[in-house]
Every structure is written in structure tokens, then in C-alpha cells.
Amino acid sequence: MQEKYLPQDIERAAQAKWAHTQAFRAADDADRPKYYCLSMFPYPSGKLHMGHVRNYTIGDVLARYHAMRGFNVMQPMGWDAFGLPAENAAIANGVPPAKWTYANIDHMRAQLKALGFAIDWSRELATCKPDYYRWEQWLFTRLFEKGVIYKKMATVNWDPVDATVLANEQVIDGRGWRSGALVEKRDIPMYFFRITQYADELLTGLDTLPGWPERVKTMQANWIGKSTGVRLAFPYTLDGHDEKLWVFTTRADTLMGVTFVAVAAEHPLATRAAANNPALAAFIAECKQGSVAEADMAMMEKKGMDTGLKVTHPLTGEEVPVWVGNYVLMSYGEGAVMAVPAHDERDFGFAQKFKLPIKQVIGVEGETFSLDGWAEWYGDKTRGRCVNSGKYDGLGYEAAVDAIAADLAAKGLGEKKTQFRLRDWGISRQRYWGCPIPIIHCTSCGDVPVPAEQLPVVLPEDVVPDGSGNPLNKRADFVHCSCPKCGGAARRETDTMDTFVESSWYYARYACPDFAGGMLDQRANRWLPVDQYIGGIEHAILHLLYARFFHKLMRDEGLVASDEPFANLLTQGMVVADTYYREDAAGKKTWFNPADVETKDGVAVLKSDSQPVIVGGTEKMSKSKNNGVDPQALIDAYGADTARLFTMFAAPPEQSLEWSDAGVEGAHRFLKRLWKTVYEHVQGGVVAAFAGGELPEAAKALRRQLHQTIQKVGDDIERRKQFNTAIAAVMELMNALGKLDGDDAMTRSVRQETLEAAVAMLAPIVPHIAGALYAELKPAAALAWPAVDEAALVQDEIELMLQVNGKLRGSLRVPAAADKAAIEAAALASEAAQKYLEGQAPKKVVVVPGRLVNIVV
RNA sequence: GCCGGGAUGGCGGAAUCGGUAGACGCAGCGGAUUCAAAAUCCGCCGCCGCAAGGUGUGGGGGUUCGAGUCCCCCUCCCGGCACCA
């Protein structure tokens, strides 16, 4: 055995062996129980970042642990290869996105292999390849014919200078990121998935997922946002026609307090009112500036303008003014809201600002309504009762809603309705580097889906986008085609799909990546659902909701048999790091990588020019903030096992991990010590592990700790998924082993047992060194997870803590079998108790067996 | 703004069901080894205090024999907000 720990040699040899023996090939037909362990596939941005290392190490630990426990494990890997960064790189460097992407994939694949992940590479896929996306196009055409996909107008960010649709990310302070032009909202036709049709099932399905974190289920439930309320109409007459303005409200009980109605700037009624009102038209134009992002909308200053139009209150018949409000979202509900300033905080502020009337219609006993300011109870539907509401006075929330809904229904002006916050999923993107939408536009036949035998619609890979418009529009060879129905000249759709579509079904394709006869074959049902899915918490809503939705679409197409794709979910916290930047005169920020920044005399400066940079705070490692830490340097300096060990040790998986270079040394030191300890033991000759007999007291105690550790580590990995404490427990065990003296045969057999078990327990985390050490300790034996010896755990005497008035005052040794009365007697007889009791009788004695005694004086 | 989460020594974190706060590691300090250094090994290490003891888990209140953990209020930080992935 080598005396020195040489990670590079060990890792190279181990990885070569794994590749040669196809050690991680998942058998489609094994009779062992399956364990499908999936980590979210990476976007091939260039090189791995620490978030990837963390994500894939967590997955690898679980995969390897389950393999050691006898499962038939599948851990696949692929590439979420379409996306915006490839186009940005093309604009910056003039390289076609395809070429850039494939080069990145090659580099990152090599990095993943260097980290020693137990991946079945035979299942690798990339979403930008036609043999993958053709099935996505095929499903699209099926769903289009079924009506699950439809076309409608939708609002996008429009950069008038670059003549390009911008992603929300590309709108900075209301301006285009490259042109600096004020961004406008523009309506264009887009294809939509009818996800709202599945809203109820997506909501109730959450209850069938006990293996998902509560916080994720809560976020999804809130996102779907099921609310029951009333859809009601305010009638009006315009240009001689009787019409109705519909609104949705969850607070119909406050209907008698409506003092105005507010519509979105895009609402048809606003458009009509603006036709002969230049001031209103100008205001609506102003509302159409800025980004479409909901966060931006919600934080804008609330602005409004009277349209001059009036509608009729459905119950009182009073006239109600119609305002345009920039805070009303056209995409939610009816694009119009009834305003009850007295009982809605947002309406209250709006009414005060524009001097609109405020009418109290809800009262709470003991509280006095005042116009001076908003009070929490104004909006409290649990305590309030109707006041100033005529026949509804005295009714509580539910009774009032029922009565008002009934009266509205009688007039044909409203009914109870269930409303979802969830909106249909718009998937059209005016971008080149994505999956082409398989539609042909024919002047006589309309939108015609591409027939299955003409799929895939292949995306040309030799295109270099320049940042203006969609380059596919300039490719005559792509655009011009003939109509599949009438054979006439037609145009191909040039929009591509949202990349979330590709990532919504890749987990299923891994089961049968080579299947050329269809989207999925029967192997999908053999492997699905995914037993453990691991990915960043930032995907808690969108990706995970879309994937759940897609699974149900595929189920309804007969492609999969299960209802949910992911049985267990681990949402890993983000890897965060400091950000640094400089700002030029135009306000444009340039971000610097933490590796290029150092601190001199307490000031952050750039290493290259020693000039200061601005510290921007700690954020998720991202390309846009350039604060990613390159794990490659870590692997080069210490080896993959140290990188893996440190990432798992530094924080529990669900918490965010603040990156710091310090601490890596410690992980490496531990591996060196482990190597040395095994080396020294092996030098003295390997022996058989302890198999029974009388042990010296110290060896017996160590053996008890060993089996406690085996119990804890298994629980930490399998149930708690908290790897940092698993590692800490093995470190403690190794520290204790170091203190175990004695070279007698029995002690040596316990040392052998301990080392075998410790190495095996570490194997999922640091597989290279563990494999090498195990081969020295137990030549020719396969790594097996150690079993707990219950007999080793038995103790004769236990130590209890002794409290007086809840404060720790001493401890107590009692026989393990002692009952409550015996413990209480021993506690009262103790020196510490006598001191605090001072001869008096205790008020109360709390005995928690196995834990403590608390004497209340 | 709305939804979700977080805050514990100088630092990362532990405390799993309300029961010894600070496991494990980093940094630091002292010692051994060394011509010297690195590496390695041993010991110390929340704060105040000579000590006895007191005090301490973002802030304020509460429940309990006992609260980092449960309840109410607040502050700050992070994630998501539908075209970043």
C-alpha cells in the first residue's frame, strides 16, 4: 500500500475502472428493486459551477448509497441545451449557438466524469438534438389537434430600437439591455398550453406527494391560487348598446361599498373611452411603457385616470365611475376589479390619492372606522359583519356572500365562481435557439400542424444571431414550405418553444433515450416515477409545476401510467457568493468574478489593476452577476473526493451554502488522516473484523460508538438527507479510534471492524479513496454497507442531567433499567439537589427517563 | 408589492419529538517535533468575571418545570413572481 495519499492517481484509476466495467449501467430488466435517482440536468453554459457540483454530489451520494443497499440504480445525465445564453454568446463572439453549445457539453461532460459521479452515460441526451425534440414536436401536434394547445394574443416586452422581443431578464429599469431604449408592451399572437384545465388536479395532486418539502407544495398551491368568489357584472350603455363590465371578487360581502371600478390599461373599455379622450389615450400609452414582469407592475407607483364612463351598480342601481388603473392586471380574472376602498388596502390608498369616496360596509365590534389611515381590521373577513348594507346588515362573511350572490344570480348579473391565479402557459418565443414550433401557416387552411411523417422540423444549426429580430425569419429555406393540407405555398412558424417544454419531459426519456419509434416506450413505466429528484429551490414553482403538468398530458396520451413524475424531491439550497462590480458613466455595470477580486486594507480591489470595485452583496452564483466559483481549481489542487467531501460537509443540502475557500483544507486533511490511519493499521497486518468475544472496556466503548455511528449515518443519509452530520459522525468516530490504545488481537479486530465500516460509510461521498482503502482492508471484497449490531449498543448505566428550576446543576449516573421512582430518589439524594433544596421539600420533580430530572424548588 | 424561506461563537454549521446550546470542521492561541520552516501530533478556545457565578441562539412580548425549537408582533437577508435557467 502507498504510504502517501495521492488523489490524482487514485481517482484516475478508479474512473478508468468504472468506465471499463460499465459499473453504473442501469439494467432495464433487473429483478432487484429500482431506484431512479435524478438530478436536474444542467444548462451547458460553459463549465461546471459549484451549484452543479453540489447538486450532482447530493444525487451521487444517494445513488451510491442505494446501490450499496442492493437497489438497481439509474442515475442519468443530459443537457438542457436550448436557451438564451447561447444566443448572447453568438452575438458577443460570432459563433453559432449550436457550435458553442456542443463545445460546452464536451467540456462539462469531462468535468462531470472527473468528479466521479456514478452516471449511466449510455442514456445521455441533449435537448437540442432532433432525435429528442422531434417527439416534443410530435406531442405538440397531438395536443394542438386536441385543443390543449391554442393560439391567442399575449403581451411581450418590445425593444423598439433593436426591433426585438426581450426576456424579462433583458429589461433593466424599464429599458432594453443592449439598446437602452424604453421598453414597450406589445401584443403578439402566441401558442398556449391550457394548463388551467389541469389546475385542480395539479393542486389536489400535491396531497399525494408526502416526499415533497412542505414549502414547495405551499408555493405551488399559492401559485395555482384557487379562490372561490363571485363573478359579477356592472351594466352600462355605450353608443346605444347595453353591455356589461365583468369583474371577479373574493369579497362579494363588500359589494355595497363599491365606489368605483378600475380596469387595466389594455381593457377594451379603456381603449374605447380613449378614442375621443386624448388625455386618457396618453395615460394608457404611458401605462404600456415598461416591462411586463409582474414584480415590476406590483411595485410601480399606483396611477389612475377617470375614463369619464359610468357603469351601474348591480344591486343599488347607483352610478359608479370607471377608472383606468396601472395596477390592474389584464391577465388575471377579468382585467377589471371592483374597488372597495374601505375594505381593501390597495383600493384605500388609491381612493385617498385620487379623492374618491370611501364607504364603510363592514364593522367589527369595539372598533371605530376612520379615514385617517388603514387599519388591519378593515380587511378582516373573519371578524367583520355587514353594516350600511341595507338588507345584508348583520351578516358575516359567508352569509353575506351567499345572499349577495343569490340576489345577483336572480338578476342575471353574477354567480359564484372558482377562480385560479394560474394562467395558461404561453410557449412561443421569438428566438432562434429553441425547438421549432411545428406549425405551418397557410393563407387558405390557417394554422396547420406539421404531419408526423414530416417531423422533425429541424432547426438549422449554422445560424449566427445578431441581436435584432428572429434570425429564422431571414432564412428563406426554413420559412418557405408547402401546406400539408392543400399543397399551396405556405410559411413555416418561426417562433420556437419555451425551453421549459424540453425540461418538462426529459426525466421520462432517460428511460428509453434510444427509442426511435415514438416518444416513450414501456421502459418508461418500469422506471417512473423518479424515486428521488434533486435540484435547486429556485425551480420550486415553474419547472416543477410544468413537469407535473406535462406528466399528466403524457398520461392522458397513454404514454405513462403514473400521475406524478417525482415521488421524492430534495430542493437543494443555492450556492451563493459575493458579487463585485463597477459602473460606467451610462450606468452600465460590469461584474467581476470573486476569484479576480482581493481585499486590501479592508477595500475590495481587482487583482489585475488594484483599483477598487463595488461590493454588491451575496447572491446566487450566476452568469449574469459573474460570481460563480470555478470548481476546477479545487479538483486540480485537491482531487474530486475533497471537492465532494467539502461540498457535502459545509452545509446541509436544503440550506444555502455561502462559498468560501477556507475549509477545503480541513476536508483534505481529514482524507489524509484517514489514509494514514488505514495505512498504519494495514502495515501491522489486516485481520478479521471483530466477530464476538470479551473485549477490553475501551474497545467495547469504541464498538458501541461504531454501531451508534452506523445507525446515525444510515439515518442521516436515507431519511434525513443531511450529509454534513453524517460526515461529522464519522469524523468523531475516527477521532475516538485514534484514542484507542492497545495492540492485542481483540482490540485489533475492533480496529479492523471500525475502519472497514468507516470507509464503507464514506464511500457514497468519497468513492475513489474509499474504494482504494477498502481494497487494502478487505482485498477482493465488494463494498457493502455495514450492518448495525444491536448487541453492541446495550449500556448498563446511563447518565442523566440534573436540573434545579430548569437550570443545569449536575448529572446523575443510574442503571439503564431504573424506573421513575428510583431516578427521583437518586436525584433528591444527590449532592447538588441537597445544596439547592436547603432542607426543604421540592415543589415538583419532573423525571424524563433517559434524559433528565428537573427539581422545582 | 405578493408568495416561500432564513437569522445560533471570529467563520461554516450541530442540537432529529420542547430536555446538557455551540457536536464536527475552519480560523486563532499555547505546546511538542524541526537547524529552521512546511507538514504532523497534543492541548485550549461563546461573552463578562481572579473566582464563585452570571449571561447568551436577529429584536420585543407570551406559553411551559424547562424554549434555538411552540404562539403573537417587528427588523434584516435570500429565493420566486409566469420570456434567465
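Being a predicted model, the structure only gives us computed values, none of them experimental. By convention in this document, chain letters (A, B, ...) are assigned in the order of the sequence lines, proteins followed by strands, and residues within each chain are numbered from 1.
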Show me the protein contacts with nucleotides 64-71 of chain B, counting only N or O atoms at under 3.5 Å.
from: C65(B); atom 1: O2'; to: Asn854(A); atom 2: ND2; distance (Å): 3.3
from: C65(B); atom 1: O2; to: Asn854(A); atom 2: ND2; distance (Å): 2.3

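- Using modelled atom types and a 3.5 Å distance limit, the side chains of Thr196(A) and Asp424(A) yield a donor-acceptor pair.
- The two atoms that bring Lys185(A) and Thr155(A) nearest to each other are CB-CG2, 3.6 Å, heavy atoms only.
- As judged by a 4.0 angstrom heavy-atom cut-off over every strand, Asp715(A) is placed among the base-contacting residues.
- Note on His539(A): a base of the nucleic acid sits closer than 4.0 angstrom, heavy atoms only.
- Comparing the same atom, P, in G43(B) and in A7(B) gives a spacing of 32 Å after rounding to whole Å.
- A donor-acceptor contact shorter than 3.5 Å is absent between the side chain of Glu87(A) and the backbone of Gly467(A).
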For a side-chain contact (heavy atoms from CB on, under 4.5 Å) check, start with the C-alpha distance between Glu136(A) and Thr127(A), then their side-chain angles and the critical distance, and finish with the verdict.
CA-CA 10 Å; Glu136(A) 186 169 308; Thr127(A) 58; over 6 Å; no
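- In this structure, Pro42(A) and Ile727(A) both approach RNA chain B, and ranking their closest nucleotides by distance from the 5' end singles out Ile727(A).
- Within 4.0 Å (heavy atoms only), Val156(A) reaches at least one base atom of the nucleic acid.
- Applying the 90° criterion around 0 to the glycosidic angle, G9(B) comes out syn.
- Here the two rings, on Phe350(A) and Tyr327(A), have centers that are under 6.0 Å apart.
- Anti is the conformation of C78(B), whose glycosidic angle sits further than 90° from 0.
- Panel note: side chain Arg54(A), backbone Gly573(A); a donor-acceptor pair is recorded below 3.5 Å.
- Mapping Lys302(A) and Phe41(A) onto RNA chain B by nearest heavy atom places Lys302(A) closer to the 5' end of the strand.
- Between Asn168(A) and C81(B), a side-chain N or O to OP1/OP2 separation shorter than 4.0 Å is absent.
- Using a 4.0 Å heavy-atom distance criterion, Met497(A) is classed as making no nucleic acid contact.
- Across the C1' atoms, G60(B) and U75(B) are found 11 Å apart, a figure rounded to whole Å.
- The pair Glu493(A)-Lys151(A) does not meet the salt-bridge criterion, since no charged nitrogen lies less than 4.0 angstrom from a carboxylate oxygen.
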Mind listing the N/O atom pairs, protein and nucleotides 4-12 of chain B, below 3.5 Å?
from: G12(B); atom 1: O2'; to: Ala650(A); atom 2: O; distance (Å): 2.6

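- A39(B) and G22(B) have their P atoms separated by 30 Å, given to the nearest Å.
- Ring geometry for His668(A) against Tyr5(A) counts as tilted: the plane angle lies between 30° and 60°, on a 0 to 90° scale.
- A donor N or O paired with an acceptor N or O is not found under 3.5 Å between the base of U20(B) and the side-chain atoms of Arg851(A).
- Of the possible donor and acceptor atoms, one in the side chain of Arg548(A) sits under 3.5 Å from a partner among the backbone N and O of Leu202(A).
- Ion pair Arg178(A)/Asp162(A) flagged as a salt bridge, since at least one NZ, NE, NH1 or NH2 atom sits closer than 4.0 Å to an Asp/Glu carboxylate oxygen.
- Residues that satisfy the ring pair (Phe, Tyr, Trp, His ring centres under 6.0 Å) test with Trp425(A), not counting sequence neighbours, are Phe193(A), Tyr546(A).
- Picking from A15(B), A85(B), C84(B) the nucleotide with the shortest atom distance to the side chain of Glu169(A) gives C84(B).
- Residues meeting the side chain to side chain donor-acceptor pair (under 3.5 Å) test with His539(A), sequence neighbours left out: none.
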Please tabulate the protein-to-nucleotide N/O contacts below 3.5 Å involving nucleotides 40-47 of chain B, giving atom names and distances.
none

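- With sequence neighbours excluded, the residues that form a side chain to side chain donor-acceptor pair (under 3.5 Å) with Asp380(A) are Thr382(A), Arg383(A).
- Taking a 6.0 Å sphere around CD of Glu3(A), one finds it holds 12 or fewer heavy atoms contributed by other residues, nucleotides or ligands.
- The salt bridge (charged side-chain N to carboxylate O under 4.0 Å, His left out) analysis of residues 533-546 of chain A, with sequence neighbours excluded, yields no pairs.
- Here the separation of C26(B) from U20(B), taken at their C1' atoms, is 25 Å to the nearest Å.
- Residue Gly426(A) is classed as a sugar-phosphate contact, given heavy-atom separations below 4.0 Å to backbone atoms only.
- When the C1' atom is compared between G9(B) and U55(B), the two are found 14 Å apart, to the nearest whole Å.
- Spacing between G68(B) and G25(B) at atom P, rounded to whole Å, works out to 25 Å.
- At the heavy-atom level, Thr499(A) lies under 4.0 Å from the strands shown only through sugar-phosphate atoms.
- With sequence neighbours excluded, the residues satisfying side chain to side chain donor-acceptor pair (under 3.5 Å) with Tyr506(A) are Tyr533(A).
- At a non-hydrogen distance threshold of 4.0 Å, Arg429(A), Gln430(A), Arg431(A) from residues 429-436 of chain A come into contact with RNA chain B.
- Rounded to whole Å, the separation between the P atoms of C45(B) and A23(B) comes to 10 Å.
- Using a 4.0 Å heavy-atom criterion, one finds that Val171(A) contacts no nucleic acid atom at all.
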Pairing string, 5' to 3', for RNA chain B - Watson-Crick or wobble contacts under 3.5 Å, brackets [ ] where pairs cross, | to another strand
(((((((..(((......[....))).(((((.......))))).(((....)))..(((((..]....))))))))))))....
Apply salt bridge (charged side-chain N to carboxylate O under 4.0 Å, His left out) to residues Lys712(A) and Glu732(A) and explain how you reach the verdict.
CA-CA 12 Å; Lys712(A) 179 181 169 55; Glu732(A) 279 184 82; over 6 Å; no
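- Of the C1' atoms belonging to C77(B) and U8(B), the separation is 16 Å, rounded to the nearest Å.
- Considering only side-chain N and O atoms, Gln722(A) lies under 4.0 angstrom from the phosphate OP1 or OP2 of A14(B).
- Glu831(A) meets the side chain to side chain donor-acceptor pair (under 3.5 Å) test with no other residue; sequence neighbours excluded.
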Could you run down the sub-3.5 Å N/O contacts of the protein with nucleotides 53-56 of chain B?
none

